[in-house]
Protein chains: 2
Amino acid sequence: MTTPGRPPTMEDVAAEAGVSRALVSLVMRGSPKVSELRRARVLEAAERLRYRPNAMARSLASSRTMTIGVLLNDLHNPFFADIAGGIEALASELGYQLLLGTGRRHPERERTVVTSFVDYRVDGLILVSPRLDEADLAAAARSIPTVVTGREIDAPEIDTLAIDEPLGVRAVVSYLAGLGHTEILHVTGGDGAGAATRLQCFRATMEAAGLGPGRLIEGDFTEEAGVQAAQAILTRGDLPTAVFAANDLTAAGMMDTFVRAGLRIPADISLVGYDNIYIAALRQLSLTTVDQPRAAMGRQALELLLERIDGRTERVRRLLEPRLIVRDTVGRARSR
Amino acid sequence: MTTPGRPPTMEDVAAEAGVSRALVSLVMRGSPKVSELRRARVLEAAERLRYRPNAMARSLASSRTMTIGVLLNDLHNPFFADIAGGIEALASELGYQLLLGTGRRHPERERTVVTSFVDYRVDGLILVSPRLDEADLAAAARSIPTVVTGREIDAPEIDTLAIDEPLGVRAVVSYLAGLGHTEILHVTGGDGAGAATRLQCFRATMEAAGLGPGRLIEGDFTEEAGVQAAQAILTRGDLPTAVFAANDLTAAGMMDTFVRAGLRIPADISLVGYDNIYIAALRQLSLTTVDQPRAAMGRQALELLLERIDGRTERVRRLLEPRLIVRDTVGRARSR
DNA sequence: TTGAAAGCGCTAACAA
DNA sequence: TTGTTAGCGCTTTCAA
């Protein structure tokens, strides 16, 4: 008999249908080796009792959770939200659940989040631009299939999915150089691993183009960082001809600040962002930037992960191609 | 003995520490009634084996999952991402996990997501602007504590948290009316429940202000809807003096389209958004809009939910105050 | 303060 | 095709 108040169990359904619990289990999992008669009877009983299988119990018994842990920096940044959206879209198609956590760029906090994912025995881990060190990442990956995006990792048990950073940065610098820019300033993304790569590429490309090391201002991928960087530039009074911001958010903050200060873009200063989040396309910003296929990144990260879950052991490192999106914030270098 | 490959269980720790499994359980849950000697011994053993409790097993045995199911429309919309961010911040503070799903505005899809949350026996449900009908919502709420945001629900087992819609809309309309606007067009949010309320308030306020029913164009809360609405207005050639868009995204799309068509804002047409997402503050848009405290909404939704989980049974319906944020997209009505 | 034992609701051999 | 029987790893009485 079913006790009202307590949700019905498989046992209740079995009793109601007059069959064994195991048979109900088979039916619930859509096994083909159940007679139509019984299947119908079980389904009816389940319907009658409004039975729903308990995913926890199922997971415990089968040691599969159909759940993926996703670690993001923060949800407010549309860049990460878009990646999460891409993951979510495919996950829901395939019946996977998403356990979501944010690291807020603190390695310790990330460790906590990953640990709790591990506690939940998620089937896999997608770590988006994690700040954790390689040792921690490798440790996690040894117990659970793991894909890292936005950063390259050496550990053989970790798949990585990243943008071809040199390609994107080179596109920016050579585009700027082609328009006569020689004094190019880069506002960095700070201490994040992705930022480091971008910075390094910037330096290398500048040198290769014979433009010297380039000027730098430290940032942290936020709009606020852009505001501060722009203020610093204005205060210093020594304007570069072009600015390459670590991302669109930062570029937006800079543009805002420059415009408030009376500068015209691109007449007085050229500006390039990175990411191509949707605000970049707004006419009011019309920001020249580098497109990163974010939803595709999310989707492919999950694809790689599922391959791992299915048993692949060779490491995969996928590189996605960024594209320069030319809009209206870059002009010819002003003459000095 | 611990089998390498399999993660250690409580049993392994008990053996390693020379105590019973139940005692290990007590220690892991921080029970005070364990002698310091044993506690230390257990903790050491756990450390040695790198033991981590299995959350699934714990949930199954205790029938608490420490997990909250969060249903959003979609992650790409920063409005929802911000709410999710607010929820996540508090959840992580309190040791709760977030199971995340998106409904993409399809009731059937929402039902699927909610069902899978129920399958996981999450401790609570936060449904952000759900499209599901009240019967489905009430059904879910009967088995799991539920908070709905962005929409008012009658069911007594559901707490709701919403913006004081009439207040926000009234602020917009009376502000516009005060500047001499009489032909005000509203671009709606379509079939969403939130949109319906906003629309209804718009109509009521317009009538109350003696401005007639107001003109309407149907939208769906997207930027694209704004583009299309603006194009429709331009094609028709009959410009209202002011447009009140259902949200900032839509307003951004409209502004973009108007500007591309050579209109000046607010000289030729005034524009008001809703939400105050961060793009509204950018100088290049500087959109007059209505601020909705999104992160606070997320946070409070979780607070209400936790009260329910702790046993509160009286219904709570909280109303948050929106604020008109005056920027630069509204001017005096142009003379005809 | 500690331990023994009975579940939590399900899956997964294996037998029938 | 169906049922039986062990678990999955933990919590929770209840005794000791």
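Numbers restart at 1 for each chain; the letters A, B, ... are given by sequence-line order, proteins then strands.
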Residue pairs passing the salt bridge (charged side-chain N to carboxylate O under 4.0 Å, His left out) test where at least one lies in residues 80-104 of chain B, sequence neighbours excluded: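 Checked against salt bridge (charged side-chain N to carboxylate O under 4.0 Å, His left out) - neighbours excluded - the pairs reaching residues 80-104 of chain B are A:E88-B:R104, A:R104-B:E88, A:R109-B:E88, B:D82-B:R294, B:E93-B:R299.
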Residue pairs, two or more places apart or on separate chains, that pass salt bridge (charged side-chain N to carboxylate O under 4.0 Å, His left out) and touch residues 114-126 of chain A: A:D119-B:R52
B:R6/B:D12 salt bridge by N-O under 4.0 Å criterion: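 Between B:R6 and B:D12 there is a salt bridge, with a charged N closer than 4.0 Å to a carboxylate O.
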A:E110/A:R131 ion pair, N-O < 4.0 Å: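 No, A:E110 and A:R131 are not salt-bridged.
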Phosphate-side-chain proximity, B:R6 and D:dG9, N/O vs OP1/OP2 below 4.0 Å: no
side-chain contact (heavy atoms from CB on, under 4.5 Å) involving B:S35 - partner list, sequence neighbours excluded: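 If we apply the side-chain contact (heavy atoms from CB on, under 4.5 Å) test to B:S35, skipping adjacent residues, the hits are B:L37, B:R38.
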Sequence-distant partners of A:A139, side-chain contact (heavy atoms from CB on, under 4.5 Å), two or more places apart: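 By the side-chain contact (heavy atoms from CB on, under 4.5 Å) rule, A:A139 matches A:R142.
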If I take atom [atom1] in residue [X] and atom [atom2] in nucleotide [N], what distance separates them, rounded to the nearest angstrom?
X	N	atom1	atom2	answer
A:Y120	D:dC8	OH	C1'	17 Å
A:M28	D:dT2	CE	P	16 Å
A:N54	D:dC8	CG	C1'	13 Å
B:L49	D:dG9	CG	P	14 Å
A:L26	D:dG3	CG	C1'	10 Å
B:L23	D:dT13	CG	P	17 Å
A:M10	D:dT4	CE	P	16 Å

Atom of A:F80, atom of A:D74 and distance for their closest heavy-atom approach: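 Reported closest heavy-atom pair: CB-O, 3.4 Å.
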Value rounded to 0.5 Å, distance of CZ in B:R39 from CG in B:L23: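 Here the rounded value is 9.0 Å.
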Contact interval (first through last nucleotide) of DNA chain C with protein chain B, 4.0 Å heavy-atom: C:dT1 to C:dG9
For [X], enumerate each residue passing the side chain to side chain donor-acceptor pair (under 3.5 Å) test, keeping only those at least two apart in sequence or located in another chain.
X	result
B:R50	none
B:T67	A:Y120
B:E44	none

Derivation of the side-chain contact (heavy atoms from CB on, under 4.5 Å) call for A:L26 and A:V42: CA-CA 10 Å; A:L26 288 176; A:V42 167; over 6 Å; no
Those residues of residues 55-66 of chain B lying under 4.0 Å from DNA chain C by at least one heavy atom: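 Within residues 55-66 of chain B, the residues near DNA chain C are B:L60, B:A61.
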Using residues 152-160 of chain B as the side-chain source, report each donor-acceptor pair under 3.5 Å to any protein atom, sequence neighbours left out, with the distance given to one decimal.
residue: B:D159; atom: OD1; partner: B:R308; partner atom: NE; Å: 3.1
residue: B:D159; atom: OD1; partner: B:R308; partner atom: NH2; Å: 2.8
residue: B:D159; atom: OD1; partner: B:R312; partner atom: NH1; Å: 3.3
residue: B:D159; atom: OD1; partner: B:V316; partner atom: N; Å: 2.9
residue: B:D159; atom: OD2; partner: B:R308; partner atom: NE; Å: 3.2
residue: B:D159; atom: OD2; partner: B:R312; partner atom: NH1; Å: 3.1
residue: B:D159; atom: OD2; partner: B:R312; partner atom: NH2; Å: 2.7

Contact list for DNA chain D against residues 33-47 of chain B - heavy-atom distance below 4.0 Å: none
Terminal axes of the helix from C:dT1-D:dA16 to C:dA16-D:dT1 (five pairs each): angle between them, nearest 10 degrees: 30°
